[in-house]
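We count ligands from 1, going down the list as the structure has it; atoms in each ligand are counted the same way. What you see is a predicted model; the values in this text were computed from it and never measured. If you read the sequence from its start, that first residue is 1, and numbering goes on from there.
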Amino acid sequence: MSNIKIELTKQSKLKDLDLENIVFGREFSDHMFIMDYYDGQWRDARIEPFKNMEVSPAFLSLHYAQSIFEGLKAFYTQNDEIVLFRPQANFARLNKSAERMCIPPIDEAFTLDALKQLVNIDRAWVPNVKGASLYIRPLIFATDEFVGVKPSETYRFVIFTCPVNKYYDAPVKVKIEESYTRACSGGVGYSKTAGNYASSLYPTKLAIKEGFDQLIWTDGKEHKFIEESGTMNLMVVIDGKLITPISGDTILAGITRDSVLKIARDWGMPVEERNLAVQELLDAHAAGTLTEVFGTGTAVTICHIITIGYRGQLLELPAVAGRVFSNKVNDQLAKIRLGSDVDKFDWIEKVG
Ligand code: COI
C-alpha cells in the first residue's frame with residue numbers, strides 16, 4: 001500500500017455554501033479520496049480536488065451493478081473537535097458487502113486513516129450548526145471495460161463528503177408494501193449494494209404517488225413480516241418493549257440500529273430482535289399498545305413514523321412529543337456525539 005498523495009484545490013467552493021439552507025446530498029466538499037485496484041492490489045491512494053471522473057460506457061458496474069457503498073458522518077463536539085461516529089463499523093460492513101459482491105476487500109485501518117486525512121483537509125466543510133454534520137460516502141465500483149457477466153479485475157474506491165442537515169424535514173408517512181419485494185433469503189439484502197436501492201425506486205415512486213414518503217418492506221415469501229424501510233431500519237415500541245426485525249440476510253445491519261439497541265439494553269429496556277408480523281403491529285395499534293414506530297439510519301438518525309398505510313387504511317400513530325424512548329435515545333446519540341455524555345461504548349473516533 002502506497003502513502004497518500006495529496007493535491008489541494010486551488011479554488012475552494014466553500015464560499016458558495018449556504019449552511020442555513022443545505023439540501024441533503026447536493027453539496028460536495030472540496031476534496032475526495034481515491035484509490036484504484038489493479039494487478040491484484042489496491043494502489044495509488046490519493047486525495048484530490050472533487051471533480052468529475054472519466055467513465056467508460058463499458059464499465060462493468062454500470063451494466064451489472066457491481067458496486068457497493070457506505071454512509072457515515074463527522075460532527076463537531078462541544079469542545080470544537082471533529083469526530084467520526086463508529087467508522088470502524090462502516091468499514092467492516094463495507095468489506096462484508098464487498099465479499100458478497102466479489103469485490104476485493106479494503107484495508108480497514110488504512111482507510112480510516114485516509115478518511116481522517118480527508119476530513120481534516122476539508123474540516124471547514126464540517127457544519128458547526130445544531131443538527132448538521134458532514135455526511136461521508138465511501139463507494140467502490142467495478143471499472144473493467146467488458147461486456148459479459150463476471151467479477152471485474154479492476155475497481156475504483158472513492159470517498160467524498162457532503163455537509164448535510166436533516167434527511168427528512170418532518171415525521172414520515174409510510175406504506176406497508178405487500179406486492180413488491182426488496183430482498184429474499186439468499187439474496188443481497190444485507191449488502192449495501194447499488195441494486196438494492198435501484199429496485200426500490202419504482203415501488204417507492206408508486207407509494208409517493210399515493211401520498212406516502214416511504215415504504216415498509218415485508219418479507220419476500222409471504223409478505224407477512226416487517227423487514228426494513230427504504231432508507232432506514234425499523235423499530236417499534238409495543239407494551240414498553242423495543243422490537244425490531246432480526247438483521248438476517250435480507251436486512252441491512254444498520255449501525256444506528258445497533259447503537260440504539262445497545263443503548264436500550266444499557267438502560268434496562270426489554271429488547272426483542274425477532275420476526276415482527278404485520279398482524280402484530282395492527283393488533284397492537286388496535287389495542288393501543290403500539291406507542292412508537294421509528295426508523296434508524298445514518299442519514300436519518302432517528303426518524304419518527306406518524307402514519308402507516310395498510311391495504312387502503314391509514315393507521316395514525318401517537319403524537320411524536322409523547323414518544324419517550326425514541327426521543328430520549330435521539331438525545332442520547334446527540335450527547336455522545338457532542339461529547340456531553342461519556343462515550344461508554346467507545347463509538348467516537350477523533351479526526352485529530
Ligand atoms: C444512510 O443512511 O447513510 C444511507 O445510505 C441511506 C441513504 C438513504 C442516504
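The closest approach between any non-hydrogen atom of Tyr197 and ligand 1 is not below 4.0 Å. The shell of residues lying under 4.0 angstrom from ligand 1, judged by heavy atoms, excludes Phe24. At least one heavy atom of Arg137 sits less than 4.0 Å from an atom of ligand 1.
Side chain to side chain, Ser259 and Arg86 meet the donor-acceptor criterion of an N or O pair below 3.5 Å. A donor-acceptor contact closer than 3.5 angstrom is absent between the side chains of Ser97 and Thr193.
Residue nearest to atom 6 (C) of ligand 1, selected from Met232, Lys192, Lys73: Lys192 (by heavy-atom distance).
Residue Gly71 has at least one heavy-atom neighbour below 4.0 Å for each of these atoms of ligand 1: 3 (O).
Of all protein heavy atoms, the one closest to atom 8 (C) of ligand 1 is Thr231 CG2, 3.2 Å. Tyr135 OH, 3.3 Å is the protein heavy atom nearest to atom 1 (C) of ligand 1. Remark: minimum distance from atom 2 (O) of ligand 1 to any protein heavy atom is reached at Ala299 N, 2.9 Å.
For the pair Tyr167 and ligand 1, the shortest N or O to N or O distance does not fall below 3.5 Å.
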Under the criterion salt bridge (charged side-chain N to carboxylate O under 4.0 Å, His left out), I'd like the reasoning laid out for Glu70 against Arg93: C-alpha separation, chi angles, the key distance, then a yes or no. CA-CA 8 Å; Glu70 271 302 322; Arg93 190 172 66 182; 2.8 Å; yes
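At distances below 3.5 Å, at least one donor-acceptor pair connects side-chain atoms of His63 with backbone N or O atoms of Pro57.
Taking the centre and axis of the six-membered ring of Trp267, the NZ or CZ atom of Lys328 falls inside the cone set by 45° and 6.0 Å.
The nearest pair of heavy atoms linking Leu234 to Ser229 is CD1-CB, 4.2 Å.
In summary, of the residues considered (Glu177, Glu228, Glu227), a salt bridge (charged side-chain N to carboxylate O under 4.0 Å, His left out) with Arg182 occurs for Glu228 alone.
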